[in-house]
Amino acid sequence: MAATVEVLADKAALVQRAYELVLAQIQTAIDQRGRCTLALAGGSTPKPLYEALAQADLPWDKLYIFWGDERYVPADHPDSNAKMARQAWLNQVAIPTEQIYPVPTDDPDPAAAAAQYEQTLRQVLGEPTAVPSLDIILLGMGDDGHTASLFPHTEALQVCDRIVSVGNKDGQPRITFTVPLINAGRYVLFLAAGANKRPALRQVFAPAADANAYPSRLIQPLNGGPHWLIDQSAAVDVTLPV
Ligand code: 6PG
């Protein structure tokens, strides 16, 4: 199944729809596998979704939280994706601490941190060699068409022998899920809001375009999707995929 796109009236409606979809997918994962493994997106768009999830009534002990990417900064740094999610959501609910897996960012070598996070994912997901499947992967899309920390024309786009790698944003290291890991996700949900996303969305949804220039095009999950939630502002003059 190819990408599906829902256009919501505004960001608040997008967040509400994302909340409903994520709750449904969490319940499906728990019903089918006894737990839900969920990778969070960073950036600003998902923050109100995390704040809504903080008010949900969920079997928190069945959730296992990862991050699809992380800035290479200390955990208490204002740019930390983990810090944002903890403040908006995770600090307010009873997910066991040992089931929250922030990306390690204290090793002087980002490549070592990426390898360490890969081992954590493999150990928790019980998949030592093949590409493991998370139940839910949340993604945003940058104005340049990047997702996670898979930035245009960077080496991380080509990594297919690992599930976690080192991204590069203007020379700054990031830790990121690789394309194969994202594409193994059982449910991959993109959230993109605002007029600034229009140029990249036009290229990402186009029948043909350079995926190295617009890395969100590389996300073609084996299990179908991805599912996109965009708001009206982002959708202006954007031809949606058929
Ligand atoms: C990050 C994110 C990144 C983000 C996009 C969109 O670490 O910044 O993971 O991929 O999702 O840049 O960001 P906004 O939601 O703020 O537009």
Side-chain angles (χ1 to χ4, degrees), residues 8 10-15 17-19 22 38-53 65-75 77-90 101-105 110 113-114 117 134 136-154 156-157 159 164-179 181-183 185 188-204 211 213-219 226-235 238:
L8 289 305
D10 54 28
K11 184 169 176 187
L14 183 152
V15 169
R17 180 66 174 142
Y19 175 76
V22 169
L38 167 59
L40 304 184
S44 60
T45 304
K47 185 174 179 183
L49 168 60
Y50 300 156
E51 290 166 340
L53 287 166
I65 305 293
F66 301 88
W67 276 264
D69 74 315
E70 184 59 277
R71 293 83 182 273
Y72 211 67
V73 295
H77 191 283
D79 290 348
S80 166
N81 287 334
K83 178 175 184 174
M84 182 274 277
R86 287 183 189 277
Q87 289 179 334
W89 174 20
L90 305 178
Y101 302 91
V103 177
T105 57
Y117 203 52
L134 287 116
I136 303 168
I137 299 177
L138 300 179
L139 296 172
M141 185 195 73
D143 296 355
D144 60 358
H146 82 263
T147 189
S149 283
L150 300 166
F151 289 91
H153 306 297
T154 58
L157 302 185
V159 174
V164 181
S165 188
V166 180
N168 174 344
K169 179 178 184 178
D170 304 330
Q172 294 304 310
R174 299 272 191 97
I175 304 300
T176 186
F177 281 10
T178 60
V179 172
L181 180 57
I182 298 173
N183 282 340
V188 179
L189 181 64
F190 267 102
L191 310 178
N196 290 353
K197 308 296 185 188
R198 291 174 196 167
L201 285 174
R202 291 182 190 121
Q203 298 299 320
V204 171
Y214 298 96
S216 293
R217 288 182 67 87
L218 296 169
I219 306 310
H227 192 66
W228 287 82
L229 299 182
I230 67 176
D231 67 356
Q232 283 284 7
S233 176
V238 173

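Numbers here simply count residues along the sequence, with the first being 1. When a ligand or atom number is given, it counts from 1 through the structure's own listing order. Values reported hereafter were calculated over all heavy atoms of this structure, with side chains retained and with hydrogens, waters and symmetry mates removed.
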Taking every non-hydrogen atom, the tightest pair across Gly140 and Ala41:
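Where Gly140 meets Ala41 most closely, the heavy atoms are N-CB, 3.9 Å.
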
Of the non-hydrogen atoms in Leu14 and Asp231, which two are nearest, and what is the gap between them?
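Shortest heavy-atom separation between Leu14 and Asp231 comes out as CD1-N, 3.7 Å.
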
So Asp10 and Gln232, do their side chains get closer than 4.5 Å, heavy atoms only?
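Of all side-chain heavy-atom pairs linking Asp10 with Gln232, none is under 4.5 Å.
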
Say you draw a straight line from CG of Asn168 to OG of Ser149; how long is it, rounded to the nearest 0.5 Å?
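So the gap between those two atoms works out to 9.5 Å.
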
Above 12 or not: heavy atoms from other molecules or residues under 6.0 Å from NZ of Lys11?
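Result for NZ/Lys11: enclosed.
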
Polar pairs, ligand 1 vs protein, N/O only, below 3.5 Å.
from	atom 1	to	atom 2	distance (Å)
ligand 1	7 (O)	Asp69	OD2	2.8
ligand 1	7 (O)	Arg71	NE	2.9
ligand 1	7 (O)	Asn81	ND2	2.9
ligand 1	8 (O)	Arg71	NH2	2.7
ligand 1	9 (O)	Gly42	N	3.4
ligand 1	9 (O)	Asp69	OD1	2.6
ligand 1	9 (O)	Asp69	OD2	3.0
ligand 1	10 (O)	His146	NE2	3.3
ligand 1	10 (O)	Ala148	N	3.4
ligand 1	10 (O)	Ala148	O	2.7
ligand 1	12 (O)	His146	NE2	2.9
ligand 1	15 (O)	Ser44	N	3.4
ligand 1	15 (O)	Thr45	N	3.0
ligand 1	15 (O)	Thr45	OG1	2.6
ligand 1	16 (O)	Ser44	N	2.8
ligand 1	16 (O)	Ser44	OG	2.6
ligand 1	17 (O)	Lys197	NZ	2.7

Residues that Pro173 engages under side-chain contact (heavy atoms from CB on, under 4.5 Å), provided they are two or more places apart
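Per chain and number, Pro173 pairs via side-chain contact (heavy atoms from CB on, under 4.5 Å) with Tyr72, Pro110, Val166.
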
